[in-house]
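All chains are named by letter (A, B, ...) in the order of the sequence lines, taking the proteins before the strands, and each is independently numbered beginning at 1.
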Amino acid sequence: MKLFSTALASLSLMATSVVQADRASSLPRVSPALERYAQDTVLGELWKRPGLSPRDRGIVTVAALVARNQTTEMAMYFQRALDNGVTPAELSEIITHLAFYAGWGNAMGAVAVAADVYAARKIGADQLPPARPELLPLDEAAEAQRAARVEQDAGPVSAGVVQYTGDLLFKDLWLRPALAPRDRSLVTVTALIAAGQVAQIPYHLNRAMDSGLTRAEVSETLTQLAFHVGWPNVFTAIPVVKAVLEKRPA
Amino acid sequence: MKLFSTALASLSLMATSVVQADRASSLPRVSPALERYAQDTVLGELWKRPGLSPRDRGIVTVAALVARNQTTEMAMYFQRALDNGVTPAELSEIITHLAFYAGWGNAMGAVAVAADVYAARKIGADQLPPARPELLPLDEAAEAQRAARVEQDAGPVSAGVVQYTGDLLFKDLWLRPALAPRDRSLVTVTALIAAGQVAQIPYHLNRAMDSGLTRAEVSETLTQLAFHVGWPNVFTAIPVVKAVLEKRPA
Amino acid sequence: MKLFSTALASLSLMATSVVQADRASSLPRVSPALERYAQDTVLGELWKRPGLSPRDRGIVTVAALVARNQTTEMAMYFQRALDNGVTPAELSEIITHLAFYAGWGNAMGAVAVAADVYAARKIGADQLPPARPELLPLDEAAEAQRAARVEQDAGPVSAGVVQYTGDLLFKDLWLRPALAPRDRSLVTVTALIAAGQVAQIPYHLNRAMDSGLTRAEVSETLTQLAFHVGWPNVFTAIPVVKAVLEKRPA
């Protein structure tokens with residue numbers, strides 16, 4: 001069974017590589033224009049723009065793909081993220097985080113792709129965050145405020161949602177140390193923009209900037225996302241982001 | 001051809017099982033944390049919570065996956081739904097319903113997965129709802145009211161949409177007897193929340209509760225969905241659900 | 001490598017055909033009702049309705065599938081579009097356009113499917129739009145107005161988004177001659193409705209109608225989309241479309 005499983009992993013990886021080679025070679029057979037945009041912009045100059053590091057572009061792009069369930073592109077961008085300084089532990093944690101912020105099934109799709117990438121790079125269990133790490137300290141005051149707000153909004157509708165939001169998300173997931181709070185917020189904001197969900201952007205964008213995300217990084221996150229989640233989602237997010245920025249001290 | 005098709009079905013099923021085995025075994029190789037959340041919560045305690053039966057959790061989860069086109073998870077949850085009392089006829093009807101409420105392509109993706117599951121369980125044509133069953137009686141007054149409202153809203157824009165909404169949806173699909181009106185509404189509300197579409201929640205949630213869905217079931221439907229469509233979609237739906245609940249007699 | 005790649009293309013195409021045959025034959029094994037709706041309506045009478053040509057229904061359907069990343073249905077509808085008068089160059093350009101209006105990954109998924117379809121139909125590079133064609137003339141006044149509006153809305157938030165929106169989209173992509181401006185707008189409006197994004201419908205629908213899209217075509221585009229993006233997305237779009245129509249001269 002072990003042997004079979006290893007054989008399967010190799011086969012799966014081989015299939016992934018073949019698919020990628022096939023896709024790369026199919027681009028000029030369908031759209032020479034897209035190949036030009038890919039080489040010049042999406043894979044080229046975009047990643048070299050100032051304002052957001054290539055590592056952070058990796059986080060944003062990977063989060064966008066997982067949030068939109070785009071398994072086709074995942075293997076390539078998981079590798080690009082790892083090549084640009086995202087650690088395997090961080091990538092693991094991004095997928096874990098998005099299980100809750102983009103839906104469980106999206107994370108499961110990403111896990112299958114990541115398993116192949118990790119196997120090919122010989123990334124073992126020792127490089128992954130443990131199931132039950134020592135958690136970051138909880139900011140009790142901020143958490144009490146958050147809990148009160150959610151209790152007021154969601155309490156009369158769903159006690160279950162209120163309970164899991166506290167116990168599982170803010171007192172567990174958000175305190176896992178393998179992904180910095182600033183990165184975790186960047187992933188969350190990306191998931192919201194990727195899904196065209198604007199209502200929760202103010203809370204999470206403020207939280208991201210409170211954790212260190214700069215205005216220049218916000219600006220370039222939107223630029224990176226325009227390509228990966230499409231112009232409409234970014235244009236829908238922009239007025240909401242603008243309102244958040246205007247209310248913050250310069 | 002028959003033989004080939006049978007061989008294909010076995011092969012396809014085998015591939016599905018292999019993929020599932022592979023996915024299950026890939027979880028610890030990418031995120032031990034996700035494996036813990038899966039065992040403890042998403043596949044465990046969540047399904048045992050009071051307020052919503054395991055059967056109804058099966059309906060909600062399956063509808064969420066079809067609405068979000070998440071084929072990876074479908075085989076597993078189709079089986080879990082069947083194991084918890086959803087009949088093959090009901091599952092067939094859920095997919096049929098979502099062809100209209102989540103888009104034709106979503107249903108086609110689900111059909112391919114369901115065909116494998118049905119073949120493996122030896123579920124034959126005799127267990128499926130007929131193409132043209134005897135329909136449930138139409139509530140003429142309610143239908144006249146609905147038709148008038150849609151004519152007013154959509155009539156000046158698209159006569160075709162108005163026509164099919166009446167002829168195909170409310171005078172045909174909704175009257176098919178293989179899925180109870182209460183379950184059909186639960187599937188519809190799930191599809192709306194899964195897609196982040198709030199505008200039509202009031203009409204369909206009221207209809208669901210008029211057909212027997214309780215407040216406790218609404219509460220736990222949202223809890224179940226938080227995991228399967230992601231927290232943001234559920235938080236976007238909550239204020240709309242709250243407004244509906246407040247307007248109904250307690 | 002050339003030989004391998006050709007072998008791969010054949011294999012891939014064979015796999016696609018097998019999957020399609022399998023899917024067609026699996027419909028009656030899961031939902032005889034869906035098979036009836038497919039034959040009678042979705043593949044039948046819908047395409048023969050007046051108001052929107054079969055060619056335009058091909059454009060709308062293909063754009064909806066790409067915008068929703070529904071690769072399962074793509075091969076069939078790419079072929080149907082080509083059979084109804086959409087040229088390979090136009091299909092290529094639709095995919096290219098949607099890379100920006102539905103997200104890069106959606107286009108990449110479509111490219112893989114289109115490459116197989118083109119190979120099977122022996123559609124070569126000579127039938128594709130060049131990477132750098134001579135562009136259509138720019139309407140300087142309209143572009144200045146558009147640029148000013150985007151600068152005002154998005155400038156304070158993301159200079160990168162503003163820059164690429166001008167340089168890459170409105171001064172390049174939109175001026176590529178292989179897809180008529182009217183068709184390009186039809187694809188864009190479809191992508192917005194398919195994604196449940198209403199905020200940008202007014203601008204793009206007005207642009208589409210300024211380029212020649214008629215009220216009858218708008219009406220039937222919504223009818224076609226009800227099936228392919230689901231009723232909820234169409235009902236969410238209808239009030240916005242209605243407001244646009246009411247403000248235009250009859």
Side-chain angles (χ1 to χ4, degrees), chain A residues 5 8-9 12 67 69 71 88 91-93 95-96 98-116 118-119 123-125 128-133 150 153-154 156-161 163-165 168-169 172-173 176 178 188 191-192 195-200, chain B residues 18-19 21-23 25-38 40-42 46 49 51-52 61 64-65 68-74 76-77 194 196 198 215-216 218-239 241-242 244-246:
Chain A
S5 162
L8 199 71
S12 166
N69 209 17
T71 45
L91 180 55
S92 165
E93 207 64 32
I95 295 172
T96 302
L98 289 171
F100 300 94
Y101 281 92
W104 191 259
N106 294 48
M108 291 305 109
V111 159
V113 178
D116 289 343
Y118 285 10
I123 294 166
L128 302 178
R132 300 181 187 273
V150 168
D153 292 351
V157 178
S158 177
V161 170
Q163 178 204 320
Y164 284 123
T165 305
L168 214 57
L169 269 54
D172 182 353
L173 182 73
R176 293 176 55 82
T188 309
L192 292 172
Q197 289 276 10
V198 299
Q200 294 144 67
Chain B
V18 164
V19 165
D22 187 39
R23 188 173 63 83
S25 77
S26 68
L27 207 41
R29 290 188 286 122
V30 173
S31 171
L34 270 185
E35 199 184 24
R36 167 164 79 87
Y37 293 128
D40 289 0
T41 311
V42 182
L46 183 63
R49 289 175 63 89
L52 191 70
T61 306
L65 293 177
R68 287 161 61 84
N69 209 17
Q70 294 186 313
T71 45
T72 318
E73 298 263 278
M74 277 181 201
M76 191 185 100
Y77 282 108
V198 298
R215 281 165 192 262
V218 171
S219 168
E220 281 301 307
T221 295
L222 290 166
T223 308
Q224 187 78 13
L225 286 177
F227 292 92
H228 288 288
V229 307
W231 251 254
N233 281 318
V234 165
F235 268 90
T236 296
I238 277 177
V241 171
K242 197 180 181 182
V244 169
L245 294 181
E246 282 169 358

Per-residue contact mode, Thr41(B) against chain A (heavy atom under 4.5 angstrom): side chain

For chain B, which candidate among Gln197(A), Arg176(A), Gln163(A) shows the most heavy-atom pairs at distances under 4.5 Å? Gln197(A)

Compare every heavy atom of Ser219(B) with every heavy atom of Ala159(A), then report the nearest pair and how far apart it is. N-OG, 3.7 Å

So for Val229(B), is it side chain, backbone, both, or neither that comes closer than 4.5 Å to the heavy atoms of chain A? backbone

Segment of Val150(A) engaging chain B (4.5 angstrom heavy-atom cut-off): side chain

dist Asp116(A):CG -> Arg29(B):CZ (nearest 0.5 Å) comes out at 7.5 Å

Checking Ala38(B) against chain A: side chain, backbone, both or neither under 4.5 Å from a heavy atom? both

About how many Å separate NZ of Lys242(B) and CG of Asp153(A), when rounded to the nearest 0.5 Å? 5.5 Å

Contact part of Ala125(A) toward chain B, heavy-atom cut-off under 4.5 Å: side chain, backbone, both or neither? neither

So what's closer than 4.5 Å to chain A heavy atoms on Pro232(B): side chain, backbone, both or neither? both

For chain B, the option from Leu169(A), Asn69(A), Ile123(A) that forms the most heavy-atom pairs under 4.5 Å: Leu169(A)

What are the two closest heavy atoms between Ala154(A) and Ile238(B), and how far apart are they? CB-CD1, 3.7 Å

Taking atom CD1 of Ile95(A) and atom CG of Leu34(B), what is their separation to the nearest 0.5 Å? 8.0 Å

Closest heavy-atom pair, Ala115(A) versus Val30(B), reported as atoms and distance to 0.1 Å, is N-CG2, 3.4 Å

Chain B contact via Thr165(A) - which portion, at a heavy-atom distance below 4.5 Å: both

Ranking Leu98(A), Thr188(A), Asp172(A), Thr71(A) by heavy-atom pairs under 4.5 Å to chain B gives rank one to Asp172(A)

Could you have a look at Val218(B), Val234(B), Asn233(B) and say which one has the most heavy-atom pairs with chain A under 4.5 angstrom? Asn233(B)

Taking all atoms of both residues into account, what is the closest heavy-atom pair of Pro28(B) and Leu128(A), and its distance? O-CD1, 3.6 Å

Need one label for Tyr118(A): side chain, backbone, both or neither, based on atoms under 4.5 Å from any heavy atom in chain B. side chain

Spacing of CH2 belonging to Trp231(B) relative to CG belonging to Leu168(A), to within rounding of 0.5 Å: 6.0 Å

If you round to the nearest 0.5 Å, how far is CH2 of Trp104(A) from CG of Leu46(B)? 10.5 Å

